[in-house]
**Q** 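The structure is given below, and queries will be raised subsequently.
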Protein chains: 2
Amino acid sequence: MAATLADVAARAGVSTATVSRVLNGNYPVSAVTRERVHRALGELEYVVNGPARALAAATSEVIGVIVNDVSDPFFSIQASGTQWEAASADLLAVICNTAGSPSDELKYISMLLRQRVRGMVLTGGSREEPEHVRAIAKLLGQALSAGTRVVMCGRPAPPGVDVPCVTFDNEGGARTLTRHVLSVGHTRIGYIAGPPGNTTTTARLAGHRQAVQEQGLDDTVVLHGDFSRASGFDAALELLRTSPDLTAIVAGNDLMALGVIAALRQRGVRVPEDISVAGFDDLPAAVDVVPALTTVRLPLDQGARRAGRIASGTEAVTSLSRLWMPAELMVRESVSAPA
Amino acid sequence: MAATLADVAARAGVSTATVSRVLNGNYPVSAVTRERVHRALGELEYVVNGPARALAAATSEVIGVIVNDVSDPFFSIQASGTQWEAASADLLAVICNTAGSPSDELKYISMLLRQRVRGMVLTGGSREEPEHVRAIAKLLGQALSAGTRVVMCGRPAPPGVDVPCVTFDNEGGARTLTRHVLSVGHTRIGYIAGPPGNTTTTARLAGHRQAVQEQGLDDTVVLHGDFSRASGFDAALELLRTSPDLTAIVAGNDLMALGVIAALRQRGVRVPEDISVAGFDDLPAAVDVVPALTTVRLPLDQGARRAGRIASGTEAVTSLSRLWMPAELMVRESVSAPA
DNA sequence: GTGAAAGCGCTAACAA
DNA sequence: TTGTTAGCGCTTTCAC
C-alpha cells in the first residue's frame, strides 16, 4: 500500500495537520519541522491521494474538455491548447469525444460533474435542438452552482446560462471568404455546409449567404456534409452531377474542402482552372494540398488557450467581456477567376 | 450544495447503504425500494461524488494517456482511439502533452498516480537516456503495485517493468519502405530521422540502414529532425545544399515528409521526377499532398484502442502476448525511378 | 507553530 | 433484503 499522510506524520514525529500544511504551504511551519517532514515524505515516497484531497477540499485538480473528436485536427488543436494551459495551472485535462452525439455530450457533462472538475470547456459548434439546449443548460446550471467554471469555446452559451464564451467569427469569416470568391468573378457557386442544426454550420452558412445576397445573386446551391473529408468528397461528386455549371465550390470547413479537391482530381476537373475551391479553418493541411487552399484562418489555438486559462482559473473574466476571435482570409491558390 | 447519498437516503426513507446498492446494482434490492430510491434520486438531481467514491473504493473512474502532443495527428489518432475505448468502459480519459520532455513525462505520471487512475497508456517513442528510463521504471513500478494497469503503446517497457506493450513494427516497416525505394533504382538516398535518443527514431533508422546495407551500399546521409513538418522542411533544404546528388529522401515520419515536399516545391525541385520522397505513418494528409505520399501505414487507431481496452480492463492480456502491430507499405506517387 | 478532532461522501463488512 | 457502522486519506477549524 502507498504511504498516507498519517504514515508520513508518524515518521516525522508530527501531526497530519502539519504534514498537510507543509504539503500545501498555506500555513506557517517552522523550518526544522518542514525539513523533517520533507525527509519523511521522500523516504516514504509519498504520493498525495487525489481523490481524498478532492473529497476534503470539495474540488479536484482536473478540468474537462468536450470535443467532437480529438482525432479531427480542428478539435485536437483546441484540445492541445487547453491542455497546455491546464498543465501550467497544475491541472489535468480529461478529453471527451462526443462524435457530435447530443446524448454523449450530456453523458460526459454529467461524468465531469461527478468528478467535481474545477472547470470545463465545451468546444465546437453545438446542436440547436431546443430540448438539447435546455438539457445542456440545466446541467451547466448545476455545474455553475457547484462552483465549476464553465467556458464555451466556439459555441454560444445556452440562453440563461451566463458563462464566458470564446467566440470565433464564423459568420464574418464566411462572409469575407465568399466576397473574395465573388470578387474574382464567380457567380455560380456551390456551398457545402456542415451538418444541419449545428451552430457553426448555421453561422458560416449565414455569412456565405449574406455575401451572395449583397451581390443580388440568386441563392447558391447548398448541400450538407458532416464536416468530414469523406462527406466533402461525396458532396462534390453530387454537385458535379446536379449542377455542372458551377465555377466554384465553397466548403464549410477545410476537411470537406480537401475531400472536394480529391473528388475533382479524381474526375479530372482542374482546380482552380475549371472550378475554384475554398475551405474554412486553415488547418495545417491547407498549405500542403495542391493547389494550396484558399481559406479562413481561425485562431483556434489561441482561443482554446484562453478558454483553458479561464477554466483553470488562471485568467479572470470580466463578466461582460466577449472573447472575440477574429477570422482572417487566407488567399492562396485554390481560388482564381473563372475561365 | 449538491445532494448527497444521505440526503437521498433520508428522502427515500432508507439507509445510505441501500442507496449505494441501487446505484451500483451489485446487491439485491427489492423492486419497490429501488423504485423509491430512484424517485428520490431524480427529485434531488443527485450526482455521484466521484472523489468520495474513488476514496472509498480506492480507485477512480479515470485512465490517463500520455502523448507528445495531441495536436500532432500521430498522437491525436491514438488519443482518440484510447478515449473511445475508455468511454465504452464508462471511464474518463485524461490526456497529457509532454512535448517530448522527460521531466514533463515524469510529472504527468506522478499526477496520474496521485489521481489513482485505473490505468494509463504511454504512447509514442520514449527517450532512451538510462536515467530517464530508470526514473520511469520506478514510477511505473509504483503504479503497478498500486494496482494501476499500465500499457505501453508504440514504445518498449523499461527493463524490469512487466507490462503489456502494443508494438508497431517500426523497424520492419522502415526496412520494407527503403527496400522499395532501392528497388526502383535509387542509390543515393538521404534520410531524415526523428530526434536522436528516441526509440521510434532508432527503430526506423535501423530498419532503413538494414535495407541499405543489404544492397551493399554505403551508408546514407542521415540528418535529424524532430518529427515536425518544419524540421523536415529545414532538413530538406540542408540536404539540397550539402548533398545535391541525392535522388531520394526518406523521412522518419509523414509530417517531416510533408515539410520535405514543401521545401522541394519551393526550390523548384520536382517530386518524384527530380527527387523521390517517402514518409512513415500514413497520416490522413498523406493522400492529399501532391504527389500522394508513398509511406508506411501503422494501425495507430487499432493499436491505441487495444491499449485503451487493456488499460480500461475491458480486455485481458495473457502476460506473454506481444501485441504486435504490422506495418504496411503504401505505394503512391511520391517515389518513382530516378531520372 | 503545532496538534486534536471533526468531517468531506461514499463503500463494504458485518449484523439483523 | 436492509440497516449500522467503520473507515478511505485528506483539509480545516479550533485549541493550545
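Chain letters run A, B, ... following the sequence lines, proteins first and then strands; every chain starts at 1. Any value given below was found using the heavy atoms of this structure, including those in side chains, with hydrogens, waters and symmetry copies removed.
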**Q** Would you check if A/E61 and B/Q115 make a side-chain contact, meaning some heavy-atom pair closer than 4.5 Å?
**A**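 Yes, at least one pair of side-chain atoms sits under 4.5 Å.
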**Q** Counting side-chain heavy atoms from C-beta on, which of C/dC8, D/dT2, C/dG9 comes nearest to A/A56?
**A**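 Nucleotide nearest to A/A56's side chain: C/dC8.
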**Q** Select one nucleotide: of D/dT11, D/dG3, C/dA12, the one nearest the side-chain heavy atoms of A/N24.
**A** D/dT11
**Q** Between D/dG3 and B/T16, is there an OP1 or OP2 to side-chain N/O distance shorter than 4.0 Å?
**A** no
**Q** I'd like to know if B/R34 reaches the base of D/dT2 with its side chain, counting only an N/O donor and acceptor under 3.5 Å.
**A** no
**Q** Just N and O in the side chain of A/S20: are any of them under 4.0 Å from OP1 or OP2 of D/dT12?
**A**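 Looking at the OP1 and OP2 atoms of D/dT12, neither is under 4.0 Å from any side-chain N or O of A/S20.
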**Q** Is the backbone of B/Q78 close enough, under 3.5 Å, to the side chain of B/T82 for a donor and an acceptor to pair up by distance?
**A**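 The answer is yes, because a donor-acceptor pair under 3.5 Å joins these two groups.
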**Q** Donor-acceptor check, side chain of A/R149 to backbone of A/G119, threshold 3.5 angstrom: yes or no?
**A**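 Not a single qualifying donor-acceptor pair exists.
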**Q** Could you tell me the separation between the CD atom of A/Q115 and the C1' atom of C/dG9, rounded to a whole number of Å?
**A** 13 Å
**Q** On DNA chain D, does the nearest nucleotide to B/P28 precede the nearest nucleotide to B/L55 from the 5' side, or the other way round? Give the residue.
**A**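 Upstream on the strand: B/P28.
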**Q** Could you tell me the separation between the OH atom of A/Y27 and the P atom of D/dA15, rounded to a whole number of Å?
**A** 14 Å
**Q** Between C/dT2 atom P and A/L5 atom CG, what is the distance in whole Å?
**A**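 These atoms are roughly 16 Å apart.
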**Q** C/dA4, D/dG9, D/dT4: which one has an atom nearest the side-chain heavy atoms of A/A17?
**A**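 Minimum distance to the A/A17 side chain belongs to C/dA4.
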**Q** Taking atom types as they are modelled, would you say the side chain of A/R116 forms a donor-acceptor pair with the base of C/dG9 within the 3.5 Å cutoff?
**A**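 No, the side chain and the base share no sub-3.5 Å donor-acceptor pair.
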**Q** Send over the distance from A/D7 CG to D/dC8 P, rounded to a whole Å.
**A**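 One finds 11 Å between P of D/dC8 and CG of A/D7, rounded.
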**Q** Return no unless some side-chain N or O of B/T18 is found under 4.0 Å from OP1 or OP2 of D/dG3.
**A** yes
**Q** When we call it a touch if two heavy atoms are under 4.0 Å apart, what does B/S30 touch: a base, just sugar-phosphate, or nothing?
**A** sugar-phosphate
**Q** What is the distance from CG of A/N49 to P of C/dG9, rounded to the nearest Å?
**A** 17 Å
**Q** Run the salt-bridge test on A/R305 and A/D301 with the 4.0 Å N-O cut-off and return the result as yes or no.
**A**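 Salt bridge flag = yes for A/D301 with A/R305.
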**Q** Between C/dG9 and B/T4, is there an OP1 or OP2 to side-chain N/O distance shorter than 4.0 Å?
**A** no
**Q** Do B/T314 and B/S312 pass the side chain to side chain donor-acceptor pair (under 3.5 Å) test, and can you show the C-alpha distance, the side-chain angles, and the key distance before you say yes or no?
**A** CA-CA 5 Å; B/T314 312; B/S312 301; 4.6 Å; no
**Q** Quick one: which of D/dT11, C/dT11, D/dC14 gets closest to the side chain of A/R21?
**A** D/dC14
